[in-house]
Colleague: 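The structure under discussion is supplied below as structure tokens; questions concerning it will follow.
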Amino acid sequence: CIRDRAMSDLKGLITYANPSFIKLWGFDRESEILGLSNKELGGSPKKIAEIMDAVRKSGSWSGKDTAKKKDGTLFDIYLTANLVKDSKGLPLCVTATFVDITEQEKVKKQLLQSESKAKILFDYSPMIIWEEDFSEVKSFFNELRQKGIKDYRAYFDAAPDKVKKLASLVQVTQVNQKSLDFYGVSSLEELRTNLPDWFMEDSWEVFKEELIALAEGEWEFNGEIRVRTPRGEIKHLSMHLAVPPHFINTLEVVLVSFMDITEIKENEGILREKERQITEYSSRLEQKVAERTKELRISQAKLVEANKLAKIGHWSLDDSEKGVKWSEGLYEIYGLEKKTQISKKVFFEKIRFDDPEDISRRIDAINRGEIMDDIEYRIIDGKGNEKYIRSIHRPPIDNGQGKGKTQFGVIQDITRQKSVENQLVMALEKEQELNELKSRFVSMASHEFRTPLAAILSSIHLIEKYKDLGAIDKL
């Protein structure tokens, strides 16, 4: 959190104040504070002098004091002052951090005045609440500070056994009924006896962070911790530690509250698993879509190639869109550039039909959604080539959800087919003509042959008749 910070020279004259400090003391800008004596900002000049002497001698001082705002209002603060030295160990200045504990002091007084009520609230709170004594831990911190140790994280990382040692120095002095019910014990003594068994290995890491926060002068700490209940259940707890202002110097009273968030954690686990499954499914789906897209592109390429080979194109007309859509093959069939904007006017300007009026009627009928029969017709395409076309039109289909209808049509270039048909017709006509010539020739030849054969047959008949009469010479 952002704290009120200020800096003074060795005489106690303010040389720096952060915005939070300026606001807390009721000033408008830093220039109003710079050069003021810290005795002018404190409630008791004598106490300020004692603090400065202590800082010069020991290098630091921390504790409660009274401060005075610009308008003369007094308020309670918790002050931590440190002596800053140069590389040669000579003192340079004094830095100080301030915590406004006015409200805490008021709360403290109110709590002391209503101790019985607080006791009821403590015992019957729906949260797990412990009152702990960290005074021996505080003494250990003081020893470390006297040894010049300031980097508490590095210290505990290098000496993890100290974490468990300090845990044994913490005394649980009070717990509420919710705590006893949660752990399934009947007394505070029973809870103290079994507490080490309920800590899990990762619990020590959380306790280490708690110790670091307290050693650095923090009076609040939040974290999450796992514990094992006597029933063997693993529970997730949200932990909040707070040091009452009256006990900041001694840590004799530290309040720790816990909230069971096991169900939340389990739901988070379920949610993470669902997210993992969704991510995995999404990945598979993307892969499947990529595969299907690749297959579709291949199929589309094959279809385009097949349409080219078969000289087929198609068109579609959608009620929800403007204009007709043509396939690539259709532009090739009609001999038009692909960038050509298709319209009825352009269609008849670029292409010549044997019966343009009939084609125009058919186009208008299609635009009205009427069903048309399939037809074949001859055209001169946009490039001047004569072609024969077969047009196949299918009834409109519903797009669904009230989005209108779509019509489809297929156009096929049957020029080659027509050419083959014409060649076959011509070949058939020639065949018929040859057959007719053959019949006439046979008929004529037969007539010519029949005339001399009749005379010969007659002579043979006379010879047979007269050979027995000895009158062959008469013949």
Side-chain angles (χ1 to χ4, degrees), residues 1 125-130 153-154 156-157 160 163-164 167 175-176 178-185 191 194-213 218 220-242 255-306 316 318-321 325 327 397-406 408:
C1 60
S125 171
M127 298 179 65
I128 301 169
I129 302 177
W130 292 3
R153 182 174 300 280
F156 286 119
D157 286 344
V163 176
K164 293 185 178 181
V175 296
N176 65 350
K178 181 69 174 181
S179 300
L180 301 178
D181 295 340
F182 179 80
Y183 284 101
V185 294
L191 186 146
N194 295 285
L195 186 58
D197 297 333
W198 299 336
F199 259 50
M200 302 184 67
E201 194 59 37
D202 52 7
S203 305
W204 296 111
E205 185 65 25
V206 179
F207 185 67
K208 183 188 78 172
E209 295 298 323
E210 179 182 336
L211 291 174
I212 294 171
E218 300 288 345
E220 278 191 306
F221 175 77
N222 293 288
E224 292 182 6
I225 189 169
R226 291 197 312 156
V227 297
R228 181 183 288 105
T229 68
R231 296 179 293 276
E233 299 172 325
I234 305 298
K235 294 289 186 178
H236 293 263
L237 303 177
S238 173
M239 180 183 73
H240 176 72
L241 177 147
L255 298 177
V256 185
S257 60
F258 302 91
M259 180 180 291
D260 186 357
I261 58 171
T262 305
E263 187 174 349
I264 295 175
K265 285 294 183 180
E266 290 174 351
N267 289 336
E268 287 178 355
I270 294 173
L271 181 60
R272 284 194 295 271
E273 177 60 21
K274 292 295 183 183
E275 289 177 348
R276 185 196 65 77
Q277 292 177 1
I278 291 173
T279 301
E280 183 180 342
Y281 175 77
S282 177
S283 177
R284 292 202 305 268
L285 182 60
E286 288 178 1
Q287 182 179 357
K288 194 67 176 178
V289 168
E291 292 175 357
R292 294 296 296 160
T293 301
K294 182 178 179 181
E295 293 174 2
L296 181 60
R297 287 174 177 169
I298 293 173
S299 298
Q300 187 177 13
K302 290 181 178 179
L303 178 60
V304 170
E305 199 62 31
S316 64
D318 195 328
D319 291 348
S320 62
E321 299 177 359
K325 290 184 178 180
S327 70
I397 61 173
D398 194 345
N399 292 338
Q401 300 180 350
K403 294 183 178 180
K405 296 183 178 181
T406 298
F408 295 94

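Hydrogens, waters and symmetry mates are skipped; everything else that's a heavy atom, side chains included, is used. Here the structure is a predicted model, which is why all the values come from computation and not from measurement.
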Colleague: Could you pull out the closest heavy-atom pair between V206 and M239, with the gap in Å?
Modeller: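 Result for this residue pair: CG1-CE, 4.1 Å.
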Colleague: If every non-hydrogen atom of L195 is compared with every non-hydrogen atom of W130, which pair is closest and at what distance?
Modeller: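 Nearest pair, atom of L195 first, then W130: CD1-CH2, 3.5 Å.
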Colleague: To the nearest 0.5 Å, tell me how far F156 CZ sits from F207 CZ.
Modeller: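 Reported to 0.5 Å precision, the distance equals 8.5 Å.
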Colleague: Please give me the minimum heavy-atom distance between R231 and G184, naming the atom from each residue.
Modeller: NH1-CA, 4.2 Å
Colleague: Please check this pair: side chain of T262 against backbone of H236, looking for a donor-acceptor N/O pair closer than 3.5 Å.
Modeller: yes
Colleague: Return the CG to CE distance between L237 and M127, rounded to the nearest 0.5 Å.
Modeller: 10.0 Å
Colleague: Of all heavy-atom pairs between S125 and K178, which one has the smallest distance, and what is that distance?
Modeller: O-CB, 3.7 Å
Colleague: For the CZ atom of F221 and the CD1 atom of I212, what is their distance to the nearest 0.5 Å?
Modeller: 9.0 Å
Colleague: D181: what forms a side-chain contact (heavy atoms from CB on, under 4.5 Å) with it, not counting sequence neighbours?
Modeller: Q177
Colleague: Does atom CE of M200 have more than 12 heavy-atom neighbours from other groups under 6.0 Å away?
Modeller: yes
Colleague: Could you tell me the separation between the CD1 atom of I264 and the CD atom of E224, rounded to the nearest 0.5 Å?
Modeller: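 Reported to 0.5 Å precision, the distance equals 9.0 Å.
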Colleague: Take K294 and E291 through the test salt bridge (Lys or Arg N to Asp or Glu O under 4.0 Å) and record every step on the way to the result.
Modeller: CA-CA 5 Å; K294 182 178 179 181; E291 292 175 357; over 6 Å; no
Colleague: Counting only heavy atoms not in K208, do more than 12 fall under 6.0 Å of its NZ?
Modeller: yes
Colleague: Please list all pairs passing the side-chain hydrogen bond (donor to acceptor under 3.5 Å, both in side chains) test where one or both residues lie in residues 194-203, with sequence neighbours left out.
Modeller: D202-R226
Colleague: Under the rule for side chain to side chain donor-acceptor pair (under 3.5 Å), what residues qualify as partners of T229, not counting sequence neighbours?
Modeller: none
Colleague: Answer yes or no: does atom CD of E263 have more than 12 heavy-atom neighbours from other residues, nucleotides or ligands under 6.0 Å?
Modeller: no
Colleague: Before giving the answer on side chain to side chain contact (heavy atoms under 4.5 Å, CB included), spell out for Y183 and V175 the whole-Å C-alpha distance, their side-chain angles and the decisive distance to 0.1 Å.
Modeller: CA-CA 11 Å; Y183 284 101; V175 296; over 6 Å; no
Colleague: Atom CD in E220, atom CG in L255: separation rounded to 0.5 Å?
Modeller: 11.0 Å
Colleague: Roughly how far, to the nearest 0.5 Å, is NZ of K265 from CD1 of I234?
Modeller: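 One finds 14.5 Å between CD1 of I234 and NZ of K265.
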Colleague: For Q277, which of E273, E280, E275 qualifies under side chain to side chain donor-acceptor pair (under 3.5 Å)?
Modeller: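 For Q277, the side chain to side chain donor-acceptor pair (under 3.5 Å) check succeeds only for E273.
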